[in-house]
Undergrad: 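Just passing along the structure, written as structure tokens.
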Amino acid sequence: MPSLEEELFPSTPGKFKIDRGHGMNRHFHRCFASTSTMFLWALFLIALTASYLSFQSFVDSGSRYFSASWGGIQWEKQVRNSAQIHRPGGMSVLVTGAAGFVGTHVSLALKKRGDGVVGLDNFNNYYDPSLKRARKSLLNGNGVLVVEGDLNDAKLLAKLFDVVAFTHVMHLAAQAGVRYAMENPNSYVHSNIAGLVTLLEVCKSANPQPSIVWASSSSVYGLNDKVPFSEADRTDRPASLYAATKKAGEEITHTYNHIYGLSITGLRFFTVYGPWGRPDMAYFSFTRNILQGKPITIYRGKYRADLARDFTYIDDIVKGCLGSLDTSGKSTGSGGKKKGNAPFRIFNLGNTSPVKVPELVNILERHLKVKAKRNIVDMPGNGDVPFTHANISYAQRAFGYKPTTDLQTGLKKFVKWYLSYYGYNNRKGLQ
Ligand SMILES: O=C(O)[C@H]1O[C@H](OP(=O)(O)OP(=O)(O)OC[C@H]2O[C@@H](n3ccc(=O)[nH]c3=O)[C@H](O)[C@@H]2O)[C@H](O)[C@@H](O)[C@H]1O
């Protein structure tokens, strides 16, 4: 015969339902026959509920206390130190997505020339977080603090602006990747739209307001087939949700520029590659598979045409980011009120010479001295575009942007880094 405890707190929902009818009533009659027993039971249940609730609130506040990775006098001191400017006319920059690929390189370059840098990153697991941790160590070793937190945490952002009057924000935190948007669409909305708005809200209220430079994407050109892609071309036909969120970002930042006088520069990056890169990108995953003897899948476009990308080396992108920061012009607002017009700019940062994906594989084979096992398939309807090709004349005029690294040279540097990071036996690269 089941015990009272089993009757009241069954281990499976099925059990609970079966015993709900007459049998249950019989037990209740037996147990609560007298009023005094009922009273004692009620007291017992009230005490049980109260102690559960107070224990729960203790656990909650305790975990908040123990897991908080920011706040406190010591933390504020570290933030201030990291933001310290060490050159005349220098800037203090909040770099979001600092433990990401581009974020790491830009933070190092800024620090190296004497600017103050504070990083922010949520270390999510879109790709191997241990690579992000390694980048963080590299940054720490070079005097850049990376605060662990999410872009959507308005309190943390406001606190950072309380502690440091950032002159600039380099906003690189985002949900990247074109094809992953079909798997996890909401992560794009969370980071690229909600996170962007949270950041802009804090920036618009900051006093002084910072100037903002942020990462848009070549993917906004979508189905545009006029080449090379110019900033004046239409960008209203995105082919992926990723592209759509980046395009939305361009419109959203325009609003904040218009209403609040924030200085905004959007950079359309063209397939950035290089050392410390992103493992989800083709050049990186191809390298891993080639070294491990696994096949690689190469997509092919309509009429069996090869896909092509304007692959852009990270050092050229870093120069473009620093040039944008240096020429950004000031925000005009204060306390959330616009005082005049502020710059609103959008630039392509590409390489101006597209390379077909099979040619990328040829170059990797030469550098790795291993033949790839090629599996050529028709491009699935996954948001990919057939080709990209940047016209960079706007950026050239504004800050002398001129890419200097071709794919052959850039991939050589990437492969050298890859082998030194993962080792020849490539164990860490297995995933
Ligand atoms: O410029 C951008 O704005 C974007 O650049 C990058 O996107 P993409 O240009 O798509 O780069 P990437 O994935 O390396 O695929 C390269 C090529 O390999 C092909 N490709 C890819 C994978 C595969 O298995 N096989 C294949 O043929 C594929 O079809 C494509 O032709 C960033 O990831 C993105 O976050 C964004 O910043």
Side-chain angles (χ1 to χ4, degrees), residues 97 100-103 126-127 172-184 187-188 191-192 214-222 224 228-229 231 235 238-247 249-250 266-274 277-290 294-302 304-314 316-317 320-321 346-352 354-364 372-390 392 403 407 410-411 414:
F101 170 36
V102 180
Y126 166 59
Y127 60 80
L172 298 166
Q175 175 57 61
V178 174
R179 292 164 289 280
Y180 180 65
M182 289 177 75
E183 261 174 69
N184 189 358
S187 66
Y188 290 79
S191 297
N192 303 359
W214 73 284
S216 181
S217 159
S218 72
S219 65
V220 299
Y221 290 107
N224 174 52
F229 299 168
E231 291 87 339
T235 51
S240 65
L241 184 69
Y242 169 71
T245 60
K246 286 294 182 182
K247 177 63 187 166
E250 293 186 353
L267 301 176
R268 293 177 179 166
F269 293 159
F270 282 69
T271 314
V272 189
Y273 72 98
R278 274 175 33 212
D280 62 311
M281 289 183 68
Y283 73 95
F284 201 120
S285 63
F286 286 176
T287 299
R288 186 176 58 220
N289 281 16
I290 292 171
K294 293 181 184 166
I296 58 171
T297 302
I298 300 174
Y299 300 134
R300 190 170 54 187
K302 255 191 197 165
R304 305 180 149 226
D306 290 328
L307 304 183
R309 288 291 180 273
D310 198 3
F311 297 100
T312 310
Y313 189 62
I314 183 64
D316 291 321
I317 290 291
C321 290
I346 289 190
F347 296 115
N348 285 342
L349 291 186
N351 195 48
T352 71
V355 175
K356 290 177 177 172
V357 176
E359 177 54 20
L360 163 92
V361 178
N362 294 344
I363 299 173
L364 283 176
K373 294 178 181 154
R374 300 176 190 223
N375 178 24
I376 299 168
V377 302
D378 287 340
M379 186 170 77
N382 56 12
D384 258 336
V385 292
F387 60 86
T388 62
H389 183 182
I392 55 159
L407 190 61
L411 282 179
F414 165 72

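The chain is numbered in sequence order, starting from 1. Counting convention: from 1, in listed order, for ligands and their atoms alike.
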Undergrad: Do Asp310 and Thr271 have side chains that approach each other closer than 4.5 Å (heavy atoms only, starting at C-beta)?
TA: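 The answer is no; the side chains never approach within 4.5 Å.
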
Undergrad: Kindly give the heavy-atom pair with the smallest separation between Phe270 and Thr312, and that separation in Å.
TA: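 Looks like O-OG1, 2.9 Å.
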
Undergrad: Within a strict 4.5 Å, meaning less than it, do heavy atoms of the Tyr313 and Phe414 side chains meet?
TA: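 Side chain of Tyr313 against side chain of Phe414, heavy atoms only: no contact under 4.5 Å found.
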
Undergrad: Just to be sure I read this right, does ligand 1 sit under 4.0 Å from the backbone of Val178, its side chain, both, or neither, counting only heavy atoms?
TA: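 Val178 to ligand 1: side-chain contact only, backbone stays beyond 4.0 Å.
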
Undergrad: Which heavy atom of Ser217 sits nearest to which heavy atom of Tyr242, and what is that distance?
TA: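 For Ser217 versus Tyr242, the nearest heavy atoms are OG-CE2, 3.4 Å.
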
Undergrad: Under 4.0 Å from a heavy atom of Phe270: give me the atoms of ligand 1 that qualify, with their elements.
TA: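 By the 4.0 Å cutoff, the relevant atoms are 1 (O).
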
Undergrad: Starting from atom 18 (O) of ligand 1, locate the nearest protein heavy atom and write down its residue, its atom name and how far away it is, to 0.1 Å.
TA: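 Looking at atom 18 (O) of ligand 1, the protein heavy atom closest to it is Ala282 CB, 3.5 Å.
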
Undergrad: Run the contact test for Met379 against ligand 1 with a 4.0 Å cut-off on heavy atoms, strictly below, and give the result.
TA: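 The answer is no, since Met379 has no heavy atom less than 4.0 Å from ligand 1.
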
Undergrad: With heavy atoms of Gly177 as the reference, note each atom of ligand 1 found under 4.0 Å away.
TA: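 Taking each heavy atom of Gly177 in turn, ligand 1 has 35 (O) under 4.0 Å.
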
Undergrad: Could you grab the distance from atom CD1 of Ile317 to atom CG of Leu267, nearest 0.5 Å is fine?
TA: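 Spacing of CD1 (Ile317) from CG (Leu267) equals 8.0 Å.
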
Undergrad: With heavy atoms of Ile298 as the reference, note each atom of ligand 1 found under 4.0 Å away.
TA: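 In order of numbering, the contacting atoms are 27 (O).
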
Undergrad: Do you know the tightest heavy-atom contact between Gly177 and Tyr126?
TA: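 Heavy atoms of Gly177 and Tyr126 come nearest at CA-OH, 3.6 Å.
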
Undergrad: Among all protein heavy atoms, pick out the one at the shortest distance from atom 33 (O) of ligand 1; state its residue, atom name and that distance to 0.1 Å.
TA: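 I find the closest protein heavy atom is Arg278 NH2, 2.9 Å.
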
Undergrad: When you measure from atom 8 (P) of ligand 1 to every protein heavy atom, which one gives the shortest distance, and what is it?
TA: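 Closest protein heavy atom to atom 8 (P) of ligand 1: Arg309 NE, 3.8 Å.
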
Undergrad: Once you round to the nearest 0.5 Å, how far does OH of Tyr180 lie from OH of Tyr127?
TA: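 Result: 13.0 Å between the selected atoms.
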
Undergrad: Which residue and atom name correspond to the protein heavy atom nearest atom 20 (N) of ligand 1, and how close is it?
TA: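 Result for atom 20 (N) of ligand 1: Tyr299 CD1, 3.6 Å.
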
Undergrad: Please verify whether a non-hydrogen atom of Tyr242 lies at under 4.0 Å from ligand 1.
TA: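 The answer is yes, since Tyr242 has a heavy atom less than 4.0 Å from ligand 1.
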
Undergrad: Should you measure from each heavy atom of Ala176, which atoms of ligand 1 turn up under 4.0 Å away?
TA: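 Contacts of ligand 1 toward Ala176, numbered from 1: 35 (O).
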
Undergrad: To check you understand the geometry: which heavy-atom pair defines the closest contact between Pro358 and Arg374, and what is its length?
TA: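 Pro358 and Arg374 have their closest heavy atoms at O-NH1, 3.5 Å.
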
Undergrad: Atom CD1 of Ile346 and atom CD of Glu231: how far apart are they, to the nearest 0.5 Å?
TA: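 Atom-to-atom, Ile346:CD1 and Glu231:CD are 8.5 Å apart.
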
Undergrad: Tell me the protein heavy atom at minimum distance from atom 6 (C) of ligand 1, and give that distance in Å.
TA: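 Atom 6 (C) of ligand 1 sits closest to the protein heavy atom Met281 CE, 3.7 Å.
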
Undergrad: Using the ring of each side chain (for Trp, its six-membered ring), is Tyr273 parallel, tilted or perpendicular to Tyr283, with breaks at 30° and 60°?
TA: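 Perpendicular.
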
Undergrad: Going by the order shown, which atoms of ligand 1 are within less than 4.0 Å of some heavy atom of Thr297?
TA: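 Counting from 1, the qualifying ligand atoms are 23 (C), 24 (O), 25 (N), 26 (C), 27 (O).
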
Undergrad: Looking only at protein heavy atoms, identify the closest one to atom 13 (O) of ligand 1 and say how far it is in Å.
TA: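 For atom 13 (O) of ligand 1, the nearest protein heavy atom comes out as Arg179 NH2, 2.4 Å.
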
Undergrad: Among all protein heavy atoms in this structure, tell me which lies nearest to atom 3 (O) of ligand 1, with the distance rounded to 0.1 Å.
TA: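 Minimum-distance protein heavy atom for atom 3 (O) of ligand 1 reads Ser217 OG, 2.4 Å.
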
Undergrad: Could you tell me the separation between the OG atom of Ser285 and the CD1 atom of Ile290, rounded to the nearest 0.5 Å?
TA: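 Answer for the OG-CD1 pair, Ser285 versus Ile290, is 9.0 Å.
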
Undergrad: Mark up the atoms of ligand 1 that fall under 4.0 Å of a heavy atom belonging to Leu307, in ascending order.
TA: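 Listed by number with element, the hits are 29 (O), 31 (O).
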
Undergrad: Has the side chain of Asn289 got a donor or acceptor atom that lies under 3.5 Å from a matching backbone atom of Lys294?
TA: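 Checked: no pair found.
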
Undergrad: Give the atom numbers and elements of ligand 1 that come within less than 4.0 Å of a heavy atom of Ser219.
TA: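 Counting from 1, the qualifying ligand atoms are 3 (O).
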
Undergrad: N/O to N/O below 3.5 Å, does that happen between Thr271 and ligand 1?
TA: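 Yes, there is a polar N/O contact under 3.5 Å.
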
Undergrad: With a 4.0 Å cut-off on heavy atoms, does Phe387 reach ligand 1?
TA: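 Outside the 4.0 Å threshold, so no.
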
Undergrad: Could you find the nearest protein heavy atom to atom 2 (C) of ligand 1 and give me its residue, atom name and distance?
TA: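 Minimum-distance protein heavy atom for atom 2 (C) of ligand 1 reads Ser218 OG, 3.3 Å.
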
Undergrad: Taking side chain as C-beta onward, heavy atoms only, is Arg268 less than 4.5 Å from Thr235?
TA: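 Side-chain contact under 4.5 Å: yes.
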
Undergrad: Pairs of nitrogen or oxygen atoms closer than 3.5 Å, one from Phe269 and one from ligand 1: do any exist?
TA: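 Between Phe269 and ligand 1, an N or O pair is found under 3.5 Å apart.
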
Undergrad: Is there a heavy atom of Arg268 sitting under 4.0 angstrom from any atom of ligand 1?
TA: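 For ligand 1, residue contact (heavy atoms, under 4.0 Å) with Arg268 is absent.
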
